[in-house]
2 protein chains.
Amino acid sequence: MATTTAAQRRAQARVDYDAFLAVCPSRQLLARISDKWVGLVLCALGGSDPTMHAAEAVEGPRAMRYSELARRIAGVSQKMLTQTLRALERDGLVVRTVTPTVPVTVHYELTDLGRSLHLVMRDLKGWAEANMEEVFANRDAHDARA
Amino acid sequence: MATTTAAQRRAQARVDYDAFLAVCPSRQLLARISDKWVGLVLCALGGSDPTMHAAEAVEGPRAMRYSELARRIAGVSQKMLTQTLRALERDGLVVRTVTPTVPVTVHYELTDLGRSLHLVMRDLKGWAEANMEEVFANRDAHDARA
DNA sequence: CAGGATCCCGCTAGATACTG
DNA sequence: CAGTATCTAGCGGGATCCTG
(Lines give C-alpha, C1' and ligand atoms only; values in the text may rest on other atoms or scores of the structure.)
Protein backbone atom coordinates (compact mmCIF):
# COMPACT_ATOMS: atom_id res chain seq x y z
CA MET A 1 0.00 0.00 0.00
CA ALA A 2 1.12 3.48 -0.69
CA THR A 3 -0.26 4.90 2.52
CA THR A 4 1.54 2.45 4.78
CA THR A 5 4.41 4.78 5.42
CA ALA A 6 2.20 7.65 6.40
CA ALA A 7 0.06 5.42 8.56
CA GLN A 8 3.05 3.98 10.34
CA ARG A 9 4.55 7.37 10.91
CA ARG A 10 1.26 8.42 12.41
CA ALA A 11 1.05 5.39 14.63
CA GLN A 12 4.57 5.94 15.85
CA ALA A 13 3.92 9.57 16.52
CA ARG A 14 0.88 8.55 18.48
CA VAL A 15 2.85 6.14 20.58
CA ASP A 16 5.53 8.72 21.32
CA TYR A 17 2.87 11.18 22.26
CA ASP A 18 1.09 8.80 24.58
CA ALA A 19 4.35 7.76 26.14
CA PHE A 20 5.13 11.35 26.90
CA LEU A 21 1.79 11.77 28.53
CA ALA A 22 2.15 8.56 30.48
CA VAL A 23 5.35 9.62 32.18
CA CYS A 24 3.50 12.30 34.07
CA PRO A 25 0.58 10.79 35.98
CA SER A 26 -0.58 14.19 37.11
CA ARG A 27 -1.70 14.76 33.55
CA GLN A 28 -4.14 11.92 33.88
CA LEU A 29 -5.54 13.32 37.06
CA LEU A 30 -5.80 16.72 35.44
CA ALA A 31 -7.60 15.14 32.52
CA ARG A 32 -10.04 13.41 34.83
CA ILE A 33 -10.72 16.60 36.72
CA SER A 34 -11.00 18.64 33.55
CA ASP A 35 -13.81 16.44 32.30
CA LYS A 36 -16.85 18.39 31.27
CA TRP A 37 -19.30 16.67 33.60
CA VAL A 38 -17.12 15.67 36.52
CA GLY A 39 -17.17 19.14 37.96
CA LEU A 40 -20.93 19.35 37.73
CA VAL A 41 -21.49 15.95 39.32
CA LEU A 42 -19.09 16.89 42.07
CA CYS A 43 -20.93 20.13 42.67
CA ALA A 44 -24.28 18.37 42.72
CA LEU A 45 -23.20 15.69 45.17
CA GLY A 46 -21.25 18.23 47.15
CA GLY A 47 -24.38 20.23 47.66
CA SER A 48 -23.57 23.27 45.55
CA ASP A 49 -25.81 23.81 42.60
CA PRO A 50 -23.76 25.15 39.71
CA THR A 51 -26.64 27.29 38.53
CA MET A 52 -27.18 28.81 41.94
CA HIS A 53 -23.80 29.96 43.02
CA ALA A 54 -25.04 32.34 45.64
CA ALA A 55 -26.10 30.43 48.73
CA GLU A 56 -24.44 27.13 48.21
CA ALA A 57 -22.65 26.63 51.47
CA VAL A 58 -25.92 26.00 53.26
CA GLU A 59 -26.36 22.39 52.27
CA GLY A 60 -23.56 19.93 52.77
CA PRO A 61 -22.71 16.82 50.76
CA ARG A 62 -25.58 14.42 50.33
CA ALA A 63 -26.44 11.18 48.61
CA MET A 64 -28.49 11.46 45.45
CA ARG A 65 -30.35 9.05 43.26
CA TYR A 66 -29.54 8.57 39.61
CA SER A 67 -32.62 10.35 38.36
CA GLU A 68 -32.10 13.12 40.87
CA LEU A 69 -28.68 13.76 39.46
CA ALA A 70 -30.00 13.63 35.93
CA ARG A 71 -32.60 16.25 36.75
CA ARG A 72 -30.22 18.43 38.72
CA ILE A 73 -27.64 18.63 36.00
CA ALA A 74 -30.19 18.90 33.23
CA GLY A 75 -28.37 18.76 29.93
CA VAL A 76 -26.36 15.64 30.47
CA SER A 77 -27.37 12.52 28.60
CA GLN A 78 -27.89 9.41 30.66
CA LYS A 79 -25.00 7.88 28.82
CA MET A 80 -22.58 10.58 29.90
CA LEU A 81 -23.99 10.64 33.39
CA THR A 82 -23.53 6.90 33.79
CA GLN A 83 -20.09 7.07 32.25
CA THR A 84 -19.02 9.91 34.52
CA LEU A 85 -20.38 8.22 37.63
CA ARG A 86 -18.66 4.96 36.75
CA ALA A 87 -15.36 6.75 36.27
CA LEU A 88 -15.71 8.55 39.56
CA GLU A 89 -16.61 5.33 41.31
CA ARG A 90 -13.62 3.62 39.77
CA ASP A 91 -11.35 6.32 41.14
CA GLY A 92 -12.89 6.06 44.57
CA LEU A 93 -14.41 9.52 44.50
CA VAL A 94 -18.01 8.39 44.80
CA VAL A 95 -19.71 5.30 46.20
CA ARG A 96 -22.56 3.60 44.44
CA THR A 97 -25.15 1.97 46.65
CA VAL A 98 -27.75 -0.37 45.20
CA THR A 99 -30.87 -1.00 47.24
CA PRO A 100 -32.77 -3.98 45.82
CA THR A 101 -36.26 -2.63 46.19
CA VAL A 102 -38.94 -3.48 43.66
CA PRO A 103 -37.90 -0.82 41.21
CA VAL A 104 -34.20 -0.79 41.97
CA THR A 105 -32.93 2.20 43.90
CA VAL A 106 -29.38 3.49 43.45
CA HIS A 107 -27.68 6.16 45.48
CA TYR A 108 -24.48 8.01 44.73
CA GLU A 109 -22.47 9.71 47.41
CA LEU A 110 -19.09 11.40 47.71
CA THR A 111 -16.32 9.59 49.52
CA ASP A 112 -13.89 11.47 51.77
CA LEU A 113 -11.56 11.70 48.81
CA GLY A 114 -14.37 13.03 46.66
CA ARG A 115 -15.26 15.60 49.26
CA SER A 116 -11.68 16.81 49.43
CA LEU A 117 -11.67 17.24 45.67
CA HIS A 118 -14.96 19.01 45.86
CA LEU A 119 -13.43 21.60 48.14
CA VAL A 120 -10.72 22.35 45.62
CA MET A 121 -13.24 22.55 42.83
CA ARG A 122 -15.19 25.01 44.90
CA ASP A 123 -12.20 27.31 44.94
CA LEU A 124 -11.91 27.03 41.22
CA LYS A 125 -15.57 27.80 40.85
CA GLY A 126 -15.09 30.68 43.24
CA TRP A 127 -12.38 32.12 41.04
CA ALA A 128 -14.57 31.76 38.00
CA GLU A 129 -17.44 33.55 39.67
CA ALA A 130 -15.24 36.29 41.04
CA ASN A 131 -13.48 37.02 37.77
CA MET A 132 -16.21 36.26 35.29
CA GLU A 133 -17.04 39.87 34.62
CA GLU A 134 -13.48 40.88 34.03
CA VAL A 135 -12.91 38.02 31.65
CA PHE A 136 -16.04 38.79 29.69
CA ALA A 137 -15.16 42.47 29.58
CA ASN A 138 -11.74 41.60 28.20
CA ARG A 139 -13.35 39.31 25.70
CA ASP A 140 -15.77 41.96 24.48
CA ALA A 141 -13.04 44.58 24.27
CA HIS A 142 -10.90 42.23 22.29
CA ASP A 143 -13.70 41.31 19.92
CA ALA A 144 -14.60 44.96 19.42
CA ARG A 145 -11.13 45.80 18.11
CA ALA A 146 -11.16 42.87 15.73
CA MET B 1 -41.30 16.41 5.12
CA ALA B 2 -41.98 13.60 7.49
CA THR B 3 -38.88 14.23 9.58
CA THR B 4 -39.66 17.85 10.24
CA THR B 5 -41.21 17.12 13.59
CA ALA B 6 -38.26 15.15 14.81
CA ALA B 7 -35.81 17.71 13.44
CA GLN B 8 -37.67 20.55 15.08
CA ARG B 9 -37.80 18.75 18.36
CA ARG B 10 -34.09 18.29 18.12
CA ALA B 11 -33.46 21.89 17.25
CA GLN B 12 -35.65 23.03 20.09
CA ALA B 13 -33.96 20.70 22.49
CA ARG B 14 -30.64 22.05 21.35
CA VAL B 15 -31.74 25.61 21.94
CA ASP B 16 -33.06 24.78 25.38
CA TYR B 17 -29.83 23.09 26.21
CA ASP B 18 -27.74 26.01 25.05
CA ALA B 19 -30.02 28.43 26.83
CA PHE B 20 -29.61 26.49 30.02
CA LEU B 21 -25.90 26.64 29.66
CA ALA B 22 -25.95 30.30 28.76
CA VAL B 23 -27.81 31.34 31.87
CA CYS B 24 -24.90 30.22 33.98
CA PRO B 25 -21.75 31.97 32.82
CA SER B 26 -19.65 30.07 35.31
CA ARG B 27 -20.10 27.08 33.05
CA GLN B 28 -18.30 28.90 30.28
CA LEU B 29 -15.46 29.79 32.58
CA LEU B 30 -15.31 26.22 33.75
CA ALA B 31 -15.19 25.10 30.16
CA ARG B 32 -12.37 27.47 29.39
CA ILE B 33 -10.42 26.30 32.38
CA SER B 34 -11.15 22.67 31.64
CA ASP B 35 -9.50 22.97 28.26
CA LYS B 36 -6.88 20.34 27.68
CA TRP B 37 -4.01 22.73 26.98
CA VAL B 38 -4.95 25.79 28.99
CA GLY B 39 -3.73 24.28 32.21
CA LEU B 40 -0.41 23.33 30.70
CA VAL B 41 0.15 26.74 29.15
CA LEU B 42 -0.74 28.34 32.44
CA CYS B 43 1.72 26.12 34.27
CA ALA B 44 4.44 26.83 31.75
CA LEU B 45 4.00 30.60 31.88
CA GLY B 46 3.49 30.45 35.62
CA GLY B 47 6.86 28.84 36.02
CA SER B 48 5.80 25.39 37.10
CA ASP B 49 6.72 22.62 34.76
CA PRO B 50 3.92 20.06 34.73
CA THR B 51 6.35 17.23 34.24
CA MET B 52 8.49 18.30 37.16
CA HIS B 53 6.10 18.79 39.97
CA ALA B 54 8.68 18.62 42.71
CA ALA B 55 10.55 21.92 42.91
CA GLU B 56 8.31 24.22 41.04
CA ALA B 57 7.93 27.10 43.42
CA VAL B 58 11.47 28.23 42.77
CA GLU B 59 10.84 30.08 39.55
CA GLY B 60 8.09 32.66 39.30
CA PRO B 61 6.01 33.66 36.31
CA ARG B 62 8.01 34.61 33.25
CA ALA B 63 7.56 35.61 29.65
CA MET B 64 8.17 32.91 27.09
CA ARG B 65 8.55 32.84 23.36
CA TYR B 66 6.27 30.86 21.12
CA SER B 67 8.85 28.22 20.30
CA GLU B 68 9.85 28.02 23.94
CA LEU B 69 6.30 27.18 24.87
CA ALA B 70 6.05 24.64 22.08
CA ARG B 71 9.16 22.88 23.34
CA ARG B 72 8.18 23.07 26.97
CA ILE B 73 4.80 21.54 26.44
CA ALA B 74 6.01 19.03 23.90
CA GLY B 75 3.01 17.21 22.56
CA VAL B 76 0.91 20.16 21.56
CA SER B 77 0.51 20.95 17.88
CA GLN B 78 1.22 24.50 16.81
CA LYS B 79 -2.39 24.77 15.83
CA MET B 80 -3.63 24.00 19.30
CA LEU B 81 -0.92 26.09 20.90
CA THR B 82 -1.80 29.11 18.80
CA GLN B 83 -5.48 28.50 19.35
CA THR B 84 -5.03 28.22 23.10
CA LEU B 85 -2.84 31.31 23.32
CA ARG B 86 -5.30 33.33 21.28
CA ALA B 87 -8.15 32.28 23.52
CA LEU B 88 -6.19 33.18 26.63
CA GLU B 89 -5.22 36.51 25.15
CA ARG B 90 -8.83 37.19 24.28
CA ASP B 91 -9.85 36.56 27.87
CA GLY B 92 -7.12 38.82 29.16
CA LEU B 93 -5.21 36.04 30.85
CA VAL B 94 -2.04 36.45 28.83
CA VAL B 95 -0.48 39.33 26.92
CA ARG B 96 1.09 38.87 23.54
CA THR B 97 4.05 41.11 22.77
CA VAL B 98 5.42 41.37 19.26
CA THR B 99 8.94 42.68 18.87
CA PRO B 100 9.58 43.58 15.21
CA THR B 101 13.08 42.25 14.93
CA VAL B 102 14.28 40.72 11.68
CA PRO B 103 12.76 37.34 12.37
CA VAL B 104 9.77 38.44 14.39
CA THR B 105 9.95 37.77 18.10
CA VAL B 106 6.81 37.13 20.12
CA HIS B 107 6.55 36.87 23.86
CA TYR B 108 3.69 35.58 25.93
CA GLU B 109 3.25 36.54 29.52
CA LEU B 110 0.63 36.11 32.23
CA THR B 111 -1.45 39.09 33.22
CA ASP B 112 -2.41 39.70 36.84
CA LEU B 113 -5.65 37.92 36.13
CA GLY B 114 -3.77 35.04 34.58
CA ARG B 115 -1.48 34.82 37.58
CA SER B 116 -4.41 34.68 39.94
CA LEU B 117 -5.88 31.82 37.95
CA HIS B 118 -2.54 30.12 37.94
CA LEU B 119 -2.52 30.12 41.72
CA VAL B 120 -5.86 28.33 41.81
CA MET B 121 -4.69 25.84 39.22
CA ARG B 122 -1.67 25.19 41.36
CA ASP B 123 -3.93 24.13 44.20
CA LEU B 124 -5.76 21.82 41.88
CA LYS B 125 -2.50 20.36 40.70
CA GLY B 126 -1.45 20.06 44.31
CA TRP B 127 -4.51 18.02 45.07
CA ALA B 128 -3.85 15.79 42.09
CA GLU B 129 -0.28 15.17 43.15
CA ALA B 130 -1.20 14.55 46.75
CA ASN B 131 -3.99 12.08 45.97
CA MET B 132 -2.66 10.47 42.86
CA GLU B 133 -1.56 7.31 44.57
CA GLU B 134 -4.83 6.81 46.36
CA VAL B 135 -6.80 7.32 43.17
CA PHE B 136 -4.66 4.89 41.25
CA ALA B 137 -4.87 2.35 44.05
CA ASN B 138 -8.65 2.63 44.00
CA ARG B 139 -8.61 2.28 40.27
CA ASP B 140 -6.48 -0.87 40.35
CA ALA B 141 -8.56 -2.41 43.12
CA HIS B 142 -11.71 -1.69 41.18
CA ASP B 143 -10.31 -3.13 37.97
CA ALA B 144 -9.11 -6.22 39.78
CA ARG B 145 -12.60 -7.08 40.99
CA ALA B 146 -14.09 -6.66 37.55
C1' DC C 1 10.42 32.41 13.60
C1' DA C 2 5.51 32.79 14.32
C1' DG C 3 1.35 31.56 12.57
C1' DG C 4 -2.52 31.34 8.85
C1' DA C 5 -5.14 27.98 5.78
C1' DT C 6 -6.63 23.62 4.57
C1' DC C 7 -7.60 18.77 4.69
C1' DC C 8 -8.98 14.96 7.10
C1' DC C 9 -9.20 11.33 10.63
C1' DG C 10 -10.90 9.55 15.04
C1' DC C 11 -13.20 9.85 18.95
C1' DT C 12 -16.77 11.31 21.77
C1' DA C 13 -21.04 12.86 22.86
C1' DG C 14 -25.85 12.56 21.84
C1' DA C 15 -30.18 10.28 20.04
C1' DT C 16 -32.79 6.13 19.98
C1' DA C 17 -34.34 1.73 21.26
C1' DC C 18 -34.23 -2.16 24.35
C1' DT C 19 -33.82 -4.67 29.22
C1' DG C 20 -34.01 -6.37 34.22
C1' DC D 1 -36.07 3.23 37.81
C1' DA D 2 -31.55 2.60 36.31
C1' DG D 3 -29.31 1.42 33.28
C1' DT D 4 -27.14 -1.19 28.43
C1' DA D 5 -26.43 -1.44 23.34
C1' DT D 6 -25.93 0.52 18.91
C1' DC D 7 -25.58 3.98 15.39
C1' DT D 8 -24.25 8.32 13.70
C1' DA D 9 -22.91 13.21 13.22
C1' DG D 10 -20.05 16.78 14.64
C1' DC D 11 -15.95 18.58 15.86
C1' DG D 12 -11.73 18.52 18.34
C1' DG D 13 -7.34 18.13 17.05
C1' DG D 14 -3.20 16.58 14.13
C1' DA D 15 -0.54 16.77 9.68
C1' DT D 16 0.86 19.37 5.92
C1' DC D 17 1.72 23.26 3.15
C1' DC D 18 2.32 28.09 2.78
C1' DT D 19 3.37 33.25 4.13
C1' DG D 20 5.39 37.69 6.05
Side-chain angles (χ1 to χ4, degrees), chain A residues 3 5-18 20-21 31-32 34-38 40-41 63-89 94 96-109 146, chain B residues 3 5-18 20-21 31-32 34-38 40-41 63-90 94-109 146:
Chain A
T3 57
T5 325
Q8 284 189 347
R9 282 205 358 255
R10 280 201 196 172
Q12 188 54 44
R14 202 69 203 280
V15 168
D16 291 345
Y17 177 67
D18 286 342
F20 175 74
L21 285 184
R32 164 64 23 90
S34 297
D35 185 275
K36 185 180 179 182
W37 301 111
V38 165
L40 297 176
V41 170
M64 292 180 75
R65 300 183 57 177
Y66 181 88
S67 49
E68 253 186 305
L69 279 169
R71 244 174 294 113
R72 186 70 164 266
I73 297 184
V76 67
S77 61
Q78 80 300 44
K79 176 185 175 181
M80 289 324 294
L81 182 55
T82 300
Q83 191 171 300
T84 303
L85 288 169
R86 289 277 191 269
L88 290 175
E89 185 196 9
V94 306
R96 179 171 176 269
T97 315
V98 181
T99 311
T101 49
V102 182
V104 194
T105 312
V106 182
H107 283 109
Y108 291 93
E109 192 175 4
Chain B
T3 58
T5 325
Q8 284 189 348
R9 281 205 359 255
R10 277 200 200 175
Q12 189 52 45
R14 201 67 202 279
V15 168
D16 290 345
Y17 177 68
D18 287 343
F20 176 74
L21 284 185
R32 164 65 20 93
S34 296
D35 184 275
K36 185 179 179 182
W37 301 112
V38 165
L40 297 175
V41 170
M64 292 180 74
R65 299 184 55 180
Y66 181 87
S67 50
E68 255 185 304
L69 279 169
R71 245 174 293 112
R72 187 70 165 269
I73 296 183
V76 67
S77 63
Q78 71 324 22
K79 177 186 175 180
M80 288 289 81
L81 182 55
T82 299
Q83 193 171 298
T84 303
L85 288 169
R86 289 275 192 269
L88 291 175
E89 185 196 8
R90 180 169 176 251
V94 305
V95 275
R96 179 172 176 269
T97 314
V98 181
T99 311
T101 49
V102 182
V104 194
T105 311
V106 182
H107 282 108
Y108 292 93
E109 192 175 3

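Everything numeric in this text was worked out from a predicted model, so none of it was measured. Each chain gets a letter, A, B and so on, in the order the sequences are listed, and its residues count up from 1.
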Q: Round to a whole Å and report the spacing from NZ of A/K36 to C1' of D/dG12.
A: 12 Å
Output a table of donor-acceptor pairs, distance under 3.5 Å, between side-chain atoms of residues 79-88 of chain A and any protein atom two or more places apart or on a different chain; print 'none' if there are none.
residue : atom : partner : partner atom : Å
A/T82   : OG1  : A/Y66   : OH           : 3.0
A/T82   : OG1  : A/Q78   : O            : 2.8
A/T84   : OG1  : A/M80   : O            : 2.7

Q) What is the distance from CD of B/Q83 to P of D/dG12, rounded to the nearest Å? A) 8 Å
Q. Could you give the CG-to-C1' distance, from A/D35 to D/dG12, as a whole number of Å?
A. 15 Å
Q: Return the set of residues passing salt bridge (Lys or Arg N to Asp or Glu O under 4.0 Å) with B/E68 (not counting sequence neighbours), or none when no residue passes.
A: B/R62
Q. Just how far, in rounded Å, is P of D/dG13 from CG of B/L40?
A. 12 Å
(Q) Without decimals, in angstroms, what is the distance between B/K79 NZ and D/dC17 P? (A) 16 Å
**Q.** B/T99: partners by side chain to side chain donor-acceptor pair (under 3.5 Å), with sequence neighbours left out
**A.** none
**Q.** Distance in Å, B/T97 OG1 paired with B/R65 CZ, rounded so as to fall on 0.5 Å steps
**A.** 12.5 Å
Q.
Please enumerate all residues that pass side chain to side chain donor-acceptor pair (under 3.5 Å) together with B/R96, with sequence neighbours excluded.
A. B/Y108
Q.
The criterion is side chain to side chain donor-acceptor pair (under 3.5 Å); which residues satisfy it with A/T105, sequence neighbours excluded?
A. A/T101
Q: Report the distance from atom CG of A/L81 to atom P of C/dG14, rounded to the nearest whole Å.
A: 11 Å
Q: Quantify the bending of the helix from C/dC1-D/dG20 to C/dG20-D/dC1 as the angle between its end axes, each fitted on five pairs, to 10°.
A: 50°
Below 3.5 Å is the cut-off: list the nitrogen or oxygen pairs between protein and nucleotides 1-4 of chain C, distance only.
residue : atom : partner : partner atom : Å
C/dC1   : O3'  : B/R65   : NH2          : 3.3
C/dA2   : OP1  : B/R65   : NE           : 3.0
C/dA2   : OP1  : B/R65   : NH2          : 3.1
C/dA2   : OP2  : B/S67   : N            : 3.1
C/dA2   : OP2  : B/S67   : OG           : 2.7
C/dG3   : OP1  : B/R96   : NE           : 2.8
C/dG3   : OP1  : B/R96   : NH2          : 2.7
C/dG3   : OP1  : B/Y108  : OH           : 2.8
C/dG3   : OP2  : B/Y108  : OH           : 3.0
C/dG4   : OP1  : B/R86   : NH2          : 2.3
C/dG4   : OP2  : B/R86   : NH2          : 3.4

